[in-house]
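Here is how names work: the chains are called A, B, and so on, in the same order as the sequence lines, proteins then strands, and each is numbered from 1. The model shown is predicted, which means the values in this text are computed figures rather than measured ones.
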Protein chains: 2
Amino acid sequence: MKVDVNVFKALSNQTRLDILQWLKDPEREITSVSCETVRFMMDERGGICVQDLVKKAGLAQSTVSSYLSMMEKCGLLISERHGKWTYYRRNESEILGLSEKIKKEL
Amino acid sequence: MKVDVNVFKALSNQTRLDILQWLKDPEREITSVSCETVRFMMDERGGICVQDLVKKAGLAQSTVSSYLSMMEKCGLLISERHGKWTYYRRNESEILGLSEKIKKEL
DNA sequence: TTGACATATCGAAATATAACGATATAATAG
DNA sequence: CTATTATATCGTTATATTTCGATATGTCAA
């Protein structure tokens with residue numbers, strides 16, 4: 001399988017790169033009530049809701065939402081909706097796969 | 001060390017991604033006299049001159065030249081000038097390093 | 001030194017991305 | 001059902017990238 005340019009497009013923006021980092025350790029990076037909620041709701045998978053990422057990023061809600069959707073579309077993130085909230089978390093296997101692809105095919 | 005967004009910017013373009021692929025096996029991809037020259041001159045390191053990449057890419061010389069310079073600046077390529085020609089080749093250790101960085105830090 | 005060729009750089013026009021506010025959609029609480 | 005809250009989508013404007021042609025720089029051969 002060829003390396004997909006869209007993954008690199010998603011990664012070619014500092015905020016989106018930051019989001020990926022923040023999602024690595026949500027408990028450290030995000031300190032809000034909804035983080036508690038998510039830990040309960042998503043069975044320790046560590047997702048973060050859009051609001052929390054909006055606060056952290058300091059950009060408009062619409063901007064962050066479309067960033068997240070774009071990162072999900074190219075496989076970097078996984079989203080799960082629970083009631084009003086959409087929780088986003090890293091797609092670790094996809095990220096590891098990217099590392100492998102770069103080593104083998106780039 | 002943090003992951004640098006500029007490497008992803010360099011990779012977020014299909015032509016630049018292609019160039020990286022072509023440079024993987026110059027003898028297969030590029031069939032021109034200057035390829036012979038480079039093999040002799042660069043001691044089997046397999047660089048390709050700008051002209052050959054211009055032909056292959058089908059874009060203006062100025063476009064390809066600036067792509068190459070950009071990819072060199074962010075560490076993906078190495079250039080070496082021999083007379084009139086500038087030969088570009090992959091910076092394999094940097095590319096491997098990127099793969100590692102993604103696995104560990106992204 | 002001059003001419004020819006390879007590459008690099010510059011300036012401009014077309015296209016894409018970034019980012020916003022407004023609005024639409026979805027879900028819950030009352 | 002309605003108001004409220006969370007997220008997604010749309011339309012717009014500012015900025016960045018793409019790509020070109022023209023030109024500058026560097027190198028070699030005559």
Would you say the side-chain atoms of [X] pair up with the backbone N or O of [Y], donor to acceptor, closer than 3.5 Å?
X: Gln21(A); Y: Glu105(B); value: yes
X: Arg90(B); Y: Leu20(B); value: yes
X: Ser79(A); Y: Tyr87(A); value: no
X: Asn91(B); Y: Gly75(B); value: yes

Among [options], find the nucleotide with the atom closest to the side chain of [X].
X: Ala60(B); options: dT9(C), dG21(D), dT9(D); answer: dG21(D)
X: Ser65(B); options: dT18(D), dT7(C), dT7(D); answer: dT7(C)
X: Asn13(B); options: dT18(D), dA8(C), dA6(D); answer: dT18(D)
X: Ser66(B); options: dT9(D), dT17(D), dT19(D); answer: dT19(D)
X: Thr63(B); options: dC20(D), dA6(D), dT18(D); answer: dC20(D)
X: Val50(A); options: dA8(D), dT18(D), dA6(C); answer: dA8(D)

Gap between atoms [atom1] and [atom2], on [X] and [N] respectively (whole Å):
X: Gln51(A); N: dA8(D); atom1: CD; atom2: P; answer: 11 Å
X: Glu72(A); N: dA8(D); atom1: CD; atom2: C1'; answer: 12 Å
X: Lys73(A); N: dA8(D); atom1: NZ; atom2: P; answer: 11 Å
X: Leu68(B); N: dT7(C); atom1: CG; atom2: C1'; answer: 10 Å
X: Phe8(B); N: dT17(D); atom1: CZ; atom2: C1'; answer: 19 Å
X: Met70(B); N: dT19(D); atom1: CE; atom2: P; answer: 11 Å
X: Met71(B); N: dT18(D); atom1: CE; atom2: C1'; answer: 15 Å
X: Leu53(A); N: dA6(D); atom1: CG; atom2: P; answer: 14 Å

Check your understanding: Can you give one letter per nucleotide of nucleotides 22-30 of chain C, going 5' to 3': B for a protein heavy atom under 4.0 Å from the base, S for sugar-phosphate only, - for none?
Key -> B----SS--

Point to revise | Lys103(B) to Ser99(A) - nearest heavy-atom pair and separation | key: CB-OG, 3.5 Å

Review point. Where do Val5(A) and Ser12(B) come nearest, in terms of heavy atoms and distance?
Key: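 That would be CG2-C, 3.6 Å.
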
Check your understanding: Hey, which of these two, Gly58(A) or Lys9(A), hits DNA chain C nearer its 5' end, going by closest nucleotide?
Key ->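 The residue whose closest nucleotide sits nearer the 5' end is Lys9(A).
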
Review point. Looking only at side-chain N and O atoms, does Tyr67(A) come under 4.0 Å of OP1 or OP2 in dA8(D)?
Key: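 For dA8(D), OP1/OP2 do not have a side-chain N/O of Tyr67(A) under 4.0 Å.
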
**Study point:** Atom NZ of Lys73(B): over 12 foreign heavy atoms under 6.0 Å
**Key:** no

